[in-house]
Amino acid sequence: MDDWKLPWDGGCMCGGIRFRISAPPLLTMACHCSGCRKLTASAYSLSIAVPSQGFAATRGEPVLGGMHGPHRQLYCPHCKNWMFTHPQGLDFLVNIRATMLDEHHWYAPFVEVHTSEKLPWAATAAAHSFATQPDLDGYKPLIEAFARDGARPG
């Protein structure tokens, strides 16, 4: 899997939190839900799902923030950047905000979710689109397709 050019490093705006990704991503996504739109102050959020064992905070201690619901959104305590999420019931992965990577220009969402809530003008180049979320079993073929066809660093 050397075509992923790992490891990848990233961090928040102020540099107080740094992290490293050492495992290939499972999927890249755009989420159009109203919660993500509010958290990002944008039309959608962009994330990269990586295996938990391939993710480590290397500097600083992120703090819980955001909606304080079942999904744990983690932030820099100083600059308040939303950095990553630990989705409820999916302890095997971490969703990292794509633009937190130092080198993210290769990124493209492979899947978009919650399009039933999207702003009328918001469009992505995602190959797969869902009105809500696929069920957990529905992600397996998407992860397999992404491993073959997903965007890769330069």
Side-chain angles (χ1 to χ4, degrees), residues 1-33 35-37 39-66 70-115 123-130 133-154:
M1 286 279 192
D2 60 353
D3 59 339
W4 289 108
K5 300 180 181 180
L6 295 166
W8 302 331
D9 293 306
C12 63
M13 281 193 310
C14 74
I17 304 288
R18 297 290 297 162
F19 62 84
R20 175 164 279 181
I21 297 172
S22 59
L26 301 170
L27 209 52
T28 58
M29 296 170 285
C31 182
H32 294 273
C33 81
C36 281
R37 289 198 325 265
L39 285 170
T40 60
S42 187
Y44 43 78
S45 68
L46 299 174
S47 63
I48 301 172
V50 299
S52 294
Q53 75 274 11
F55 174 81
T58 57
R59 179 187 321 146
E61 279 295 320
V63 297
L64 190 63
H71 304 300
R72 296 166 308 192
Q73 288 100 8
L74 293 153
Y75 290 74
C76 171
H78 182 72
C79 69
K80 311 299 187 212
N81 266 155
W82 176 26
M83 301 194 61
F84 42 90
T85 300
H86 294 286
Q88 179 186 27
L90 301 176
D91 292 338
F92 65 93
L93 68 84
V94 177
N95 273 335
I96 298 153
R97 305 282 65 79
T99 55
M100 295 294 122
L101 290 173
D102 293 344
E103 297 295 327
H104 60 269
H105 300 312
W106 61 270
Y107 175 90
F110 192 71
V111 173
E112 63 179 348
V113 296
H114 293 286
T115 59
T124 75
H128 304 275
S129 187
F130 297 92
Q133 286 265 2
D135 62 21
L136 199 51
D137 291 335
Y139 274 104
K140 185 176 187 212
L142 294 169
I143 290 168
E144 291 168 355
F146 178 76
R148 284 188 317 272
D149 305 325
R152 304 237 186 328

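- In this structure, CD1 in Ile48 is found 9.5 Å from CZ in Arg97, a value given to the nearest 0.5 Å.
- A pairwise comparison of heavy atoms in Cys36 and Trp82 identifies SG-CH2, 3.9 Å as the closest pair.
- Between Gly60 and Ala57, the closest heavy-atom pair is O-CB, 4.5 Å.
- Using a 4.5 Å cut-off on side-chain heavy atoms (C-beta onward), Pro153 and Trp8 make contact.
- You'll find the side chain of Pro134 reaches within 4.5 Å of the side chain of Val113, heavy atoms only.
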Do Phe92 and Leu26 pass the side-chain contact (heavy atoms from CB on, under 4.5 Å) test, and can you show the C-alpha distance, the side-chain angles, and the key distance before you say yes or no? CA-CA 11 Å; Phe92 65 93; Leu26 301 170; 4.3 Å; yes
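- Cation-pi geometry between Arg152 and Trp4 is satisfied (NZ or CZ under 6.0 Å from the ring centre, within 45° of the ring normal).
- A distance of 10.0 Å separates CD in Gln53 from CG in Leu93, rounded to the nearest 0.5 Å.
- Qualifying ring-ring contact (aromatic ring centres under 6.0 Å, His included) partners for Phe55, counting only residues two or more places apart in sequence or in other chains: Phe19, Phe84.
- Between Leu46 and Thr40 there is no side-chain heavy-atom pair separated by less than 4.5 Å.
- Under the salt bridge (Lys or Arg N to Asp or Glu O under 4.0 Å) criterion, Asp102 pairs with Arg18, sequence neighbours left out.
- No donor-acceptor distance shorter than 3.5 angstrom exists from the side chain of Arg20 to the backbone of Thr58, with no hydrogens or angles considered.
- Taking both residues in full, the closest heavy atoms of Ser52 and Asp91 are given as OG-O, 2.6 Å, listed atom of the first, atom of the second, then distance.
- Every residue meeting the side-chain hydrogen bond (donor to acceptor under 3.5 Å, both in side chains) condition with His32, not counting sequence neighbours, appears here in chain and number order: Glu112.
- Side chain of Asn81 to main chain of Met13: a donor-acceptor pair is present (N/O by atom type, distance under 3.5 Å, no hydrogens or angles).
- Interatomic distance, Gln73 CD to Met83 CE, rounded to the nearest 0.5 Å: 14.0 Å.
- Of all heavy-atom pairs between Val63 and Cys76, the closest is CG2-C, 4.5 Å.
- To the nearest 0.5 Å, atom CD of residue Gln133 and atom CE of residue Met29 are 7.5 Å apart.
- Thr28 OG1 to Phe146 CZ: the interatomic distance, rounded to the nearest 0.5 Å, is 4.0 Å.
- At least one donor-acceptor pair under 3.5 Å links the side chain of Tyr107 to the backbone N or O of Ser47.
- With rounding to the nearest 0.5 angstrom, the CD atom of Glu61 is 10.0 Å from the CG atom of Leu74.
- Remark: Glu103 CD is loosely packed, at most 12 non-hydrogen atoms of other residues, nucleotides or ligands lying under 6.0 Å away.
- A donor-acceptor pair is defined here as one N or O able to donate and one able to accept, closer than 3.5 Å; no such pair exists between the side chain of Ser22 and the backbone of Pro7.
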